[in-house]
Amino acid sequence: MAKANGGRLLCSTLENLGVKHVFGLPGSQNIEFFEALRQSSLRTVLANHELAAAFMANGYYRASGRVGVLTTIPGPGFAYTVAAVAEASLDSSAILYIANKPPDVAGKKFNRQSIDQRAILGPLVRSIVEVDHTSDIVSGVREAFRATTAGEPGPVMLHLDPRAVSGGVGEEADTAPVVEPRQPEPAQVEQAIDLLKASRRTVFFVGQGANGGAKELLELAELLQSPVIATRSARGVLPENHALSLTFVSSETAARGFNLLLERTSLVVAIGCKFSQNGTYGFRLRIPQEKLIHVDASREVLNANYPAKLAIHADAPAFLHALLRAAEVLKSRKSEWSVEELASYQESGACYDNEPEPSVHGVHPATPAGFFAMLRRVLPAESCLVTDSGSHQVLTGRHYRAHAARGLVTPADFQSMGFGLPSAIGAKLAQPDKPVVALIGDGGLHISAMEIVTAVREQIPLTVIVFNDGFLGQIRLQQFSRFGRSHATDLLTPDLALLAESMGANYLYFDGDSENILRDVVTSRSVTLVEVRVGDSSAIQVDRAKGLIRHTARRALKGSILGWMKPKRRG
Ligand SMILES: Cc1ncc(C[n+]2csc(CCOP(=O)(O)OP(=O)(O)O)c2C)c(N)n1
């Protein structure tokens with residue numbers, strides 16, 4: 001095997017594992033690594049700060065299922081990544097984070113940039129792999145790569161002493177894959193087949209882990225004529241315009257509809273989902289143990305929140321594949337779901353609670369439903385829509401339908417603002433042939449706008465749609481509902497045309513004539529900022545008035561009760 005220096009070893013090990021991109025920022029502690037990156041086949045994607053670089057790595061994974069690789073300096077660069085690493089942890093996103101260690105001088109205190117990085121990221125990562133010597137680089141990278149994808153995917157920190165890169169030589173890596181798909185136990189597959197054969201009303205409930213098995217899932221759902229319900233991270237795994245795809249919108253009404261459907265269901269096959277709080281509408285879904293088969297690549301997920309009659313420790317695609325081998329046997333089984341039953345669930349499952357929605361300029365009707373119907377007309381089926389956290393995200397969940405696996409990427413259980421734009425950059429690099437659109441609020445733009453410069457500099461085609469309402473919209477609406485007033489949610493949004501121009505991006509103000517232009521924009525090679533004006537509807541004004549009345553009444557009531565409780569003065 002060839003000998004190489006530490007930087008080259010790091011790069012060649014990543015290359016051998018199929019890595020194509022490294023997201024991050026250089027500093028004096030990792031210039032040797034960046035010099036090796038310069039000479040490698042890996043594309044270094046420079047972000048404006050490490051938080052954005054980490055979101056890029058997350059978007060890269062979420063859009064492709066391939067590990068996102070991130071690197072930063074220790075200290076401040078490291079600290080900037082924390083929110084995004086937490087997001088990746090709760091989103092189950094495989095990120096290999098090559099974090100340089102602070103440079104400590106042996107026997108001395110008060111070292112520069114020296115914080116306890118292990119203690120800070122320890123609770124957020126799947127594992128920490130220490131690499132202190134050049135000779136550990138190959139095995140360390142391979143171990144970290146394995147740990148990030150084995151079981152439930154998640155971030156892993158490769159804690160790297162810069163001296164391992166700058167000094168010494170070691171042997172280059174072998175090229176064997178580090179993770180083989182986890183196959184289900186044949187006896188458990190048999191049990192699952194028996195349960196499926198006996199079931200007349202099966203429902204598939206699938207999460208992000210199933211995204212890699214979209215083709216098999218389609219085949220199986222059609223074979224069994226059984227509906228598929230996806231969590232938010234798996235929307236589109238069965239295209240949401242397929243007759244068997246039942247959309248589950250996160251709402252009280254949808255949860256009720258789902259539970260009614262479950263009452264009529266004889267078997268729920270849950271695949272690649274962890275039954276998280278967000279994925280189950282606050283654990284309100286009622287899935288009895290005797291009806292549940294749960295398949296997941298992570299043991300920790302099985303029986304955690306929803307105990308299963310049959311818990312199968314396996315990768316989703318491997319399990320689906322195993323079931324398809326029994327297609328002949330399963331084919332004979334007749335599904336009893338009627339078209340009407342599924343349609344009736346579709347109505348309630350896609351129903352959102354009666355919350356007021358904003359008006360949206362430039363579409364007809366001027367509502368979120370009108371906007372997302374337009375967006376669906378404009379976007380090719382295979383497109384990937386990436387949102388930020390906020391009201392626009394809630395509206396996307398309600399009104400947008402993903403027509404491809406990994407076609408909708410949104411922050412899942414951590415909900416960081418600032419996620420959308422950089423994640424979309426990562427998603428585009430992972431799926432360069434597919435249109436990628438970021439949909440964010442103006443608050444999210446304030447956090448992440450400079451990454452538009454990254455897209456322009458790196459020549460990454462991207463459409464960034466901004467719902468411009470001038471406010472931290474979601475929180476303002478919550479304040480209205482509760483108090484009838486808002487506080488600290490007003491924004492001063494810059495002139496977006498000028499902003500786009502100054503960053504070298506194109507600009508489109510969305511109005512009644514823009515649909516066809518947007519259709520061209522999303523498939524073009526350009527970076528375009530699209531401004532969509534969003535405003536208060538009459539429903540919001542009514543809600544605000546009601547909130548004010550409720551709040552005033554609450555205070556008055558509280559005042560009178562307190563007055564009544566005060567000790568009466570004598571004489
Ligand atoms: C880092 C972070 N800070 C604060 C929040 C709380 N938060 C959730 S939504 C939201 C408002 C988002 O406003 P904007 O980006 O304009 O989107 P909109 O709600 O208007 O669609 C805030 C402040 C958060 N989720 N993440």
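Whatever order the structure lists them in is the order used to number ligands and atoms, beginning at 1.
Distances from ligand 1 to the non-hydrogen atoms of Asp388 include no value under 4.0 Å.
Closest protein heavy atom to atom 13 (O) of ligand 1: Leu472 CA, 3.4 Å. If you check which protein heavy atom lies closest to atom 20 (O) of ligand 1, you get Gly473 N, 3.0 Å. Atom 9 (S) of ligand 1 has its closest protein heavy atom at Gln474 OE1, 3.3 Å. Nearest protein neighbour of atom 15 (O) of ligand 1, counting heavy atoms only, is Gly444 N, 2.8 Å.
Below 4.0 Å from some heavy atom of Ser389 lie the following atoms of ligand 1, by number and element: 9 (S), 12 (C), 25 (N). Each of the following atoms of ligand 1 lies closer than 4.0 Å to a heavy atom of Gln415: 24 (C), 25 (N), 26 (N). Applying the 4.0 Å criterion to heavy atoms of Asp469 picks out, from ligand 1, the atoms 20 (O). Against a heavy-atom cut-off of under 4.0 Å, Gly443 is close to the following atoms of ligand 1: 14 (P), 15 (O), 16 (O). Set against the non-hydrogen atoms of His392, the atoms of ligand 1 under 4.0 Å away are 17 (O), 18 (P), 21 (O). Within the listing of ligand 1, atoms 16 (O) sit less than 4.0 angstrom from a heavy atom of Asp442.
No side-chain N or O of Lys274 forms a donor-acceptor pair with one of Ser298 less than 3.5 Å apart. If you check the side chains of Ser526 and Thr528, you find a donor sitting under 3.5 Å from an acceptor. For Glu531 and Asn468, the side-chain atoms include at least one donor-acceptor pair closer than 3.5 Å. Side chains of Ser514 and Tyr509: no donor on one and acceptor on the other come within 3.5 Å.
Using a 4.0 Å cut-off between heavy atoms, Met417 contacts ligand 1 through both its backbone and its side chain. Looking at Phe471 against ligand 1, only its backbone comes within 4.0 Å, counting heavy atoms.
A donor-acceptor pair under 3.5 Å links the side-chain atoms of Asp388 to the main chain of Gly418, judged by distance alone.
With Gly441, Pro358, Ser391 as candidates, the residue nearest to atom 19 (O) of ligand 1 on a non-hydrogen basis is Ser391. Comparing Ile475, Thr493, Ile447, Val534 against atom 8 (C) of ligand 1, the shortest heavy-atom distance belongs to Ile475.
Ring to ring, Phe258 and Phe205 are close: their centroids are under 6.0 angstrom apart. Ring pair Phe283/Phe275: centre-to-centre distance not below 6.0 Å. Between Phe510 and His361, the gap from one ring centroid to the other reaches at least 6.0 Å.
Side-chain contact between Asn58 and Glu87: present, with at least one pair of heavy atoms (C-beta onward) separated by less than 4.5 Å.
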Item checked: Verdict with supporting geometry, Val301 and His294, side chain to side chain contact (heavy atoms under 4.5 Å, CB included) -> CA-CA 9 Å; Val301 161; His294 191 183; 3.6 Å; yes
